[in-house]
Amino acid sequence: MANSNTLKFTKMHGAGNDFVVLDNCAGQLELTPALIKRLADRHFGVGADQVLVVESSQVADFKYRIFNADGQEVQQCGNGARCFAQYVFDKGLTQKNQIKVETLAGIIQPELIKHNWVKVNMGPAEFEPAKVPFVSEGLASRKVGAMTQYKLPVDSGADLEELWVGVASMGNPHVVVLLEQPATDELVQRLGATLESHPRFPERVNVGFLYVVDRSRVHLRVYERGVGETLACGTGACAAAVVGMKMGLIADCVDVVKAGGTLTIEWSGQEDSHVLMTGPAQTVFEGEFHL
Ligand SMILES: N[C@H](CCC[C@H](N)C(=O)O)C(=O)O
């Protein structure tokens, strides 16, 4: 903190998913939803998709807290994890280039491969509906390869649609819609908003629109919970990749092309194996926020 009326921050992005990063190792910041929303506001604040907070941990090198632009604290943020690792190394808070980080979703392990390029062990994916969470009771389901899809009735103001969707958790909830062609802006905005707050997702959900180019390359757009569409979503790339892999459509290493950049996701396909995500992490500027 520069003084009690200003707040030092670092602006960063991971493939265009942008963040305000705060050092709260001293534990003095009061991270209210109102403060988070002001920091994230693109007109009255700094502007960001998420606010990331560095704190000390009793069980890992650091604690990593994530707040969406709507002020809600959430379990995980993949692009943020890469920026977190770059930040603590650049600030001299660690000399290690591979760290263990405590999150609400458990321990993850970012590794600085080179400057601005980070690989993160994101832990295992979870597909059991109750653990996403997703209320699947009463829905028709089908197997595609090893993946269970559910037929989800969706009233998005147009006509009632019935969508086959896959669900997965990377510590945070994701629903994946497989498309025959790249998603349009209209579809992402209409269906993204409808699914994000669909009653069958009790904690709301991040909505991924997946188009498979070939077994090693996919296009993905994500309408994020608590934010709207972002230029990239790290956990969304992990979720879409593992769903596509379970469906037998994608190889065990895939480039996920997003508007803001490309992430590489690796997964062996064994249920409890960890998902590895590699991509950029960039500092843009340092600043002082006037409270
Ligand atoms: N909107 C997400 C958190 C940020 C995820 C995304 N920015 C990423 O890189 O994983 C949620 O509410 O679960």
Side-chain angles (χ1 to χ4, degrees), residues 11-21 31 33 36-37 39-40 47-53 64-87 101 103-106 108-110 118-126 131-134 167-176 188 192-193 195-198 201-210 220-243 256-265 267 274-282:
K11 186 74 191 309
M12 302 185 78
H13 77 88
N17 186 193
D18 67 333
F19 311 108
V20 165
V21 187
L31 300 161
I36 299 297
K37 283 191 270 192
L39 285 165
D49 293 328
Q50 280 86 28
V51 175
L52 312 179
V53 182
Y64 164 37
R65 295 175 70 187
I66 303 119
F67 298 83
N68 280 328
D70 69 357
Q72 181 192 5
E73 185 166 8
V74 292
Q75 305 94 332
Q76 195 52 271
C77 176
N79 289 320
R82 300 195 312 275
C83 291
F84 186 102
Q86 189 65 63
Y87 176 90
V101 177
T103 72
L104 288 177
I108 58 172
Q109 297 187 61
V118 184
K119 183 168 197 171
V120 188
N121 178 329
M122 294 295 292
E126 175 60 65
K131 294 183 178 174
V132 173
F134 172 63
V167 295
S169 170
M170 290 305 302
N172 60 345
H174 290 270
V175 62
V176 178
V188 172
L195 287 175
E196 190 241 12
S197 55
H198 195 286
F201 294 97
E203 295 178 12
R204 298 185 295 159
V205 70
N206 299 285
V207 188
F209 297 91
L210 174 65
L220 179 69
R221 294 181 69 166
V222 180
Y223 188 100
E224 284 198 31
R225 176 177 64 168
V227 185
E229 185 177 13
T230 57
L231 295 181
C233 179
T235 52
C238 293
V242 297
V243 166
V256 179
V257 179
K258 310 265 301 149
T262 297
L263 304 180
T264 299
I265 309 298
W267 187 55
H274 289 189
V275 184
L276 306 179
M277 169 196 62
T278 304
Q282 181 69 48

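Each ligand, and each atom within it, is numbered from 1 in the order the structure gives.
Below 4.0 Å from some heavy atom of N172 lie the following atoms of ligand 1, by number and element: 2 (C), 11 (C), 13 (O). The ligand atoms of ligand 1 that sit less than 4.0 angstrom from a heavy atom of V74 are 3 (C), 12 (O).
Under the 4.0 angstrom criterion for non-hydrogen atoms, C233 is in contact with ligand 1.
Any N or O atom pair closer than 3.5 Å counts here, and Q75 shares no such pair with ligand 1.
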**Prompt:** Please walk me through it: do R204 and E196 pass salt bridge (Lys or Arg N to Asp or Glu O under 4.0 Å)?
**Reply:** CA-CA 5 Å; R204 298 185 295 159; E196 190 241 12; 3.2 Å; yes
**Pair M277-C238, side chain to side chain contact (heavy atoms under 4.5 Å, CB included): steps then yes or no** = CA-CA 7 Å; M277 169 196 62; C238 293; 4.1 Å; yes
**Prompt:** For E224 and T230, what are the C-alpha separation, side-chain angles and deciding distance, and is it a side-chain hydrogen bond (donor to acceptor under 3.5 Å, both in side chains)?
**Reply:** CA-CA 7 Å; E224 284 198 31; T230 57; 2.8 Å; yes
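Between the CE atom in M170 and the SG atom in C77 there is a gap of 12.0 Å [rounded to 0.5 Å]. Rounding to the nearest 0.5 Å gives a distance of 10.0 Å between NE2 of H13 and CZ of F19.
Each of L52, L104, V53 was compared with R65 under the side-chain contact (heavy atoms from CB on, under 4.5 Å) criterion, and only V53 meets it. The only member of N17, V222, N206, N68 that meets side-chain contact (heavy atoms from CB on, under 4.5 Å) when paired with V227 is N68.
Heavy atoms of I66 found under 4.0 angstrom from ligand 1: none, in either backbone or side chain. Contacts with ligand 1 closer than 4.0 Å are made by side-chain heavy atoms of N68 only, the backbone lying farther away. Counting heavy atoms under 4.0 Å from ligand 1, residue Q76 touches it through the backbone alone. Looking at N17 against ligand 1, only its side chain comes within 4.0 Å, counting heavy atoms.
The single protein non-hydrogen atom nearest to atom 2 (C) of ligand 1 is N206 OD1, 3.2 Å, given as residue, atom name and distance. Closest to atom 9 (O) of ligand 1, if we only count protein heavy atoms, is G234 N, 2.8 Å. Of the protein's non-hydrogen atoms, T235 OG1, 2.6 Å is the one closest to atom 10 (O) of ligand 1.
The heavy atom nearest to atom 5 (C) of ligand 1, considering only M277, E196, E224, H174, is found in E224.
Nearest approach of H274 to W267, heavy atoms of both residues: O-CD1, 3.6 Å.
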